[in-house]
Amino acid sequence: MRIISWNINSLRLRLPLLGDLVTLAQPEIICLQETKVPDHLFPEAEIKALGYNYIAYKGMKSYNGVCILSKHPFKLSPLTKDWCGKEDCRHLAVQFEFLNHPVTLHNFYVPAGGDEPDPAINPKFQHKLDFIKEASQWFKHNLDSYTIMVGDLNIAPLEHDVWNHKQLLKIVSHTPIETQNLNQWLETGFIDAMREIIPEQEKLYTWWSYRNKDWEKSNRGRRLDHLWITPNLRPALKTIKVYKEVRNWPKPSDHVPILIEFNKTPHT
DNA sequence: ATGGTAGGACCCCTA
């Protein structure tokens with residue numbers, strides 16, 4: 001079972017790239033963030049033409065937006081909700097059968113938080129902290145036994161999730177308050193699947209700013225996108241892959257797709 | 001220390 005998570009930064013603009021990604025990665029399920037398309041304009045026919053007949057989307061004009069595209073049937077999970085009292089299209093949850101269990105899949109787009117890492121003067125940073133706090137509390141009581149959680153969490157928690165740990169400690173996405181709060185969310189019952197496979201001492205990025213002249217040469221990346229699983233899915237975990245080459249495709253997103261693959265017949 | 005780029009809608013916001 002191959003699942004992709006990707007902050008696509010406009011679904012309509014990058015539909016051709018999504019097609020290329022399907023060819024390259026052959027995912028059975030795709031979770032996208034920052035679709036930037038309101039529901040009445042969602043390109044459903046084009047997505048179905050790519051082979052994904054089961055679709056859930058929650059979008060709005062200009063900002064945010066998430067969707068889940070699948071080759072296998074699923075139902076929308078009742079765990080889908082709004083956060084911080086805002087209807088800003090940052091979360092979808094679905095449920096499907098896998099390994100003879102109902103598996104819940106969450107797709108999140110966490111607020112970026114603006115530039116100034118001080119909640120007293122930056123309401124966007126306050127929103128980000130509130131969002132993570134609320135999610136941490138909520139998952140204490142609403143974590144299904146078999147759960148996969150993916151998305152753009154806009155936080156790079158570990159030293160080697162950023163190109164320069166010391167320099168980024170004061171930069172939004174890598175401040176201690178963010179990484180502490182994200183760890184509390186993780187500790188509600190998840191495993192960081194990417195770091196299960198790729199050692200913590202190894203640099204690992206999923207995002208490179210548009211503002212670098214040569215992103216590959218300067219390599220000032222961050223791991224903002226994540227793949228979390230509950231421990232009972234750990235025996236089935238097969239592969240993690242970061243599709244770094246997609247950052248060099250024409251008109252790329254600043255995030256690259258990440259893949260999690262499970263064995264379909266685990267010996268648990 | 002600064003400013004750099006991109007997407008979408010609207011004369012600027014968000015990332």
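Per chain, numbering begins at 1; letters A, B, ... match sequence-line order.
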Residue pair A:I29, A:S70: steps toward the side-chain contact (heavy atoms from CB on, under 4.5 Å) verdict = CA-CA 4 Å; A:I29 301 177; A:S70 175; 3.7 Å; yes
key: Length of the CG-C1' vector between A:D115 and B:dG3, whole Å   = 12 Å
ask   = Could you state the CD-C1' distance from A:E116 to B:dT14, rounded to the nearest angstrom?
value = 17 Å
query = In whole angstroms, how far is the P atom of B:dA1 from the NZ atom of A:K170?
reply = 9 Å
query = Looking only at atom P, what distance separates B:dT5 and B:dA9, rounded to whole Å?
reply = 22 Å
request  = Counting heavy atoms from C-beta on, name the nucleotide in B:dA15, B:dC10, B:dT5 closest to the side chain of A:Y210.
outcome  = B:dT5
remark   = Rounded to whole Å, CD of A:E34 lies from P of B:dT5 at a distance of 19 Å
ask   = Looking at the side chain of A:N154, which of B:dA15, B:dA9, B:dC13 is the nearest nucleotide?
value = B:dA15
note = A:H91 and A:K58 have their tightest heavy-atom pair at O-NZ, 3.2 Å
ask   = B:dC13 P sits how many Å from A:M60 CE, rounded?
value = 16 Å
ask   = Would one find a side-chain N or O of A:K36 under 4.0 angstrom from OP1 or OP2 of B:dT14?
value = no
query = Which whole-number value in Å describes the distance from A:Q167 CD to B:dA1 C1'?
reply = 12 Å
remark   = Closest to the 5' end of DNA chain B, once A:P111 and A:L13 are matched to their nearest nucleotides, is A:L13
query = Among A:F139, A:F190, A:W185, which one satisfies ring-ring contact (aromatic ring centres under 6.0 Å, His included) with A:H106?
reply = A:F139
message = Quick check on DNA chain B: between A:S62 and A:A112, whose nearest nucleotide comes earlier from the 5' end?
response = A:S62
Rounded distance (Å) that lies between atom C1' of B:dT14 and atom CG of A:N122 = 12 Å
key: Given B:dG7, B:dA9, B:dA15, the nucleotide with the shortest approach to the side chain of A:R211   = B:dA15
request  = Provide the distance between the two C1' atoms, one in B:dA15 and one in B:dG3, to the nearest whole Å.
outcome  = 16 Å
ask   = Any side-chain N or O of A:K213 under 4.0 Å from OP1/OP2 of B:dT5?
value = no
message = Quick check on B:dG7: is either OP1 or OP2 less than 4.0 Å from any side-chain nitrogen or oxygen of A:R14?
response = yes
ask   = Has A:K36 got its NZ or CZ under 6.0 Å from the middle of the six-membered ring of A:Y63, at an angle within 45 degrees of the ring axis?
value = no
key: Atom P, compared across B:dT14 and B:dC10: separation rounded to whole Å   = 13 Å
Residue-phosphate contact under 4.0 Å: A:K251 side-chain N/O, B:dG7 OP1/OP2 = yes
query = Cation-pi between A:R222 and A:W207: NZ/CZ under 6.0 Å from ring centre and within 45° of the ring axis?
reply = no
key: Value in whole Å for how far the C1' atom of B:dA6 lies from CH2 of A:W208   = 17 Å
